[in-house]
2 protein chains.
Amino acid sequence: MTDTAWLDETEMAAWRAFLSTSHLLERRIEEQLKAAAGLTHPQYEVLARLADAPDRQMRMTELARGVVVSKSALTYQIGQLEKAGLVERTTCPSDERGVLAVLTEAGVRCLERVAPGHVAVVRAYLIDRMTRGELETMTTAMRKTEQALRQ
Amino acid sequence: MTDTAWLDETEMAAWRAFLSTSHLLERRIEEQLKAAAGLTHPQYEVLARLADAPDRQMRMTELARGVVVSKSALTYQIGQLEKAGLVERTTCPSDERGVLAVLTEAGVRCLERVAPGHVAVVRAYLIDRMTRGELETMTTAMRKTEQALRQ
DNA sequence: GAGTGCTGGTTCAAATCTGAACTACTGCCT
DNA sequence: AGGCAGTAGTTCAGATTTGAACCAGCACTC
């Protein structure tokens, strides 16, 4: 906190662009998912992560880390998804404390139905607007920050 | 919704990296601001935008657009900042319906006190981890998306 | 200059997020 | 065994966000 250099023109522009864009995109995605399937973005992410996981199941904490949401928020969201029949809870066989979130058949079908529309938005506003080079540069840049933030 | 191409390896990696990073960074920033000054990130953004604006004042709608937050959320946040004495409301002289949010002297001082710590975080995790080239590439990429999302 | 449609803000209810307790179980260490 | 620090999830209260409904004031038309 002693003497941090201020952001120059270019840096400030970069930061503002990143910030606005991420929020705007989040808004748009939320809107699309809500309209198409009554899902929130975190909910969609949970389904997507589970679908990719072995046996379509994951531990709560691991899932929370992946989706980048607090443990309590995940507890809440899994509750919602359970009510909707898209996910089920199982106690982890190897660790009595642990809970496994499992994607149900209905969950799989829901995701299959919703994914195309979601991907279309991500593509239309972000992916397809970048060149391959920009895409790769962004990825490496983001990864550095991500890694730093995950300690 | 007809036949959108799925995301290939590289594209998916880019999207995931962007998504996680933006959320992780948001979390970290929120934490820092809360600890340093009891401010939320949107609140900080409001102060920062006002500080940059001519006469340190802005119309509500314009401010909401800038910070990328709903009008009702801004109403709420300006209320909070007003309670804290950092911002004041004035009715707009040219348009009787309009409201101008004005940064107070206390607001200016608060921002001056908090900004260095905030910028330090943005720098430490994002800006300083990129080369100048990456920075510029990211900015152009983000701008394209931003523009598309603002219609 | 009344009527009509728009725009600017606020209010409201509902949903969600977070961090701080709290409970239960695990893994060591002696 | 017995104790103890640490981990996994949940619960809870409080703060914030959002969209929809609402009330004014503006601007344009006939």
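The sequence lines fix the lettering, A, B, ..., with proteins before strands; numbering per chain opens at 1.
Computed from coordinates, the Leu33(A) CG to dA15(C) C1' distance equals 16 Å when rounded to whole Å. Summarising the geometry, the separation between CE on Met60(B) and C1' on dA24(D) is reported as 16 Å, rounded to the nearest angstrom. As a whole-Å value, the separation of Glu62(A) CD from dG9(D) C1' is 15 Å. Protein atom CG of Leu74(A) is 13 Å distant from nucleotide atom P of dT11(D), rounded to whole Å. Rounded to a whole Å, the NZ atom of Lys34(A) is 14 Å from the C1' atom of dA20(D). Atom CZ in Arg59(B) sits roughly 11 Å away from atom P in dT10(C) (whole-Å rounding). Straight-line distance from the CG atom of Leu63(A) to the C1' atom of dA8(D): 14 Å, rounded to whole Å. Note: CD (Glu45(A)) to P (dT16(C)) measures 16 Å, nearest angstrom.
Side-chain contact between Leu100(A) and Asp55(A) is absent, with no heavy-atom pair separated by less than 4.5 Å. Counting only heavy atoms from C-beta outward, the side chains of Val67(A) and Leu74(A) never approach each other to under 4.5 Å. Counting only heavy atoms from C-beta outward, the side chains of Glu146(A) and Arg16(B) never approach each other to under 4.5 Å. The shortest side-chain heavy-atom distance between Leu103(B) and Val87(B) falls under the 4.5 Å cut-off. Within the 4.5 Å cutoff, the side chain of Glu11(A) has heavy atoms near those of the Asp8(A) side chain.
The base of dG9(C) lies outside donor-acceptor range of the side chain of Thr75(B), with no N or O pair under 3.5 Å. For dG19(D), the base has no donor-acceptor partner in the side chain of Ser70(B) [N/O atoms by modelled type, under 3.5 angstrom].
For Arg89(A), the listed nucleotide lying nearest its side chain is dT10(D); candidates were dT10(D), dT17(D), dG8(C). Taking only side-chain atoms of Pro42(A), from C-beta outward, the nucleotide of dT18(D), dT10(C), dC17(C) with the closest atom is dC17(C). Of all nucleotides listed (dT16(C), dT17(D), dG9(D)), dT17(D) comes nearest to the side chain of Ala73(B).
The side chain of Gln77(B) places an N or O atom within less than 4.0 Å of a non-bridging phosphate oxygen (OP1 or OP2) of dT17(D).
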Could you list the donor-acceptor pairs under 3.5 angstrom formed between side-chain atoms of residues 38-48 of chain A and any protein atom two or more places apart in sequence or on another chain?
residue: Thr40(A); atom: OG1; partner: Gln43(A); partner atom: N; Å: 3.2
residue: His41(A); atom: ND1; partner: Glu26(A); partner atom: OE2; Å: 2.5
residue: Gln43(A); atom: OE1; partner: Thr40(A); partner atom: N; Å: 3.0
residue: Gln43(A); atom: NE2; partner: Gln77(A); partner atom: OE1; Å: 2.7

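No engagement by Glu30(B) is indicated, since no non-hydrogen atom pair under 4.0 Å with the nucleic acid exists. Here Thr61(A) lies in heavy-atom contact (under 4.0 Å) with sugar-phosphate atoms only.
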Every protein N/O within reach of nucleotides 24-26 of chain C N/O, cut-off under 3.5 Å:
residue: dC25(C); atom: O2; partner: Arg97(A); partner atom: NH1; Å: 3.4
residue: dT26(C); atom: OP1; partner: Glu96(A); partner atom: N; Å: 3.4

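Val121(B) is connected to Leu111(B) through a chain of hydrophobic side-chain contacts under 4.5 Å among Ile, Leu, Val, Met, Phe, Trp and Tyr, so both are in one cluster.
In terms of position along DNA chain D, the nucleotide closest to Tyr76(A) lies nearer the 5' end than the nucleotide closest to the other residue of the pair Val69(B) and Tyr76(A). Comparing Arg27(B) and Ser72(B), the nucleotide of DNA chain C nearest to each residue sits closer to the 5' end for Ser72(B). Map Gln80(A) and Glu31(B) each onto its nearest nucleotide of DNA chain C; the residue landing nearer the 5' end is Gln80(A).
The structure places CE of Met138(B) at 11.0 Å from OG1 of Thr140(A), a figure rounded to the nearest 0.5 Å.
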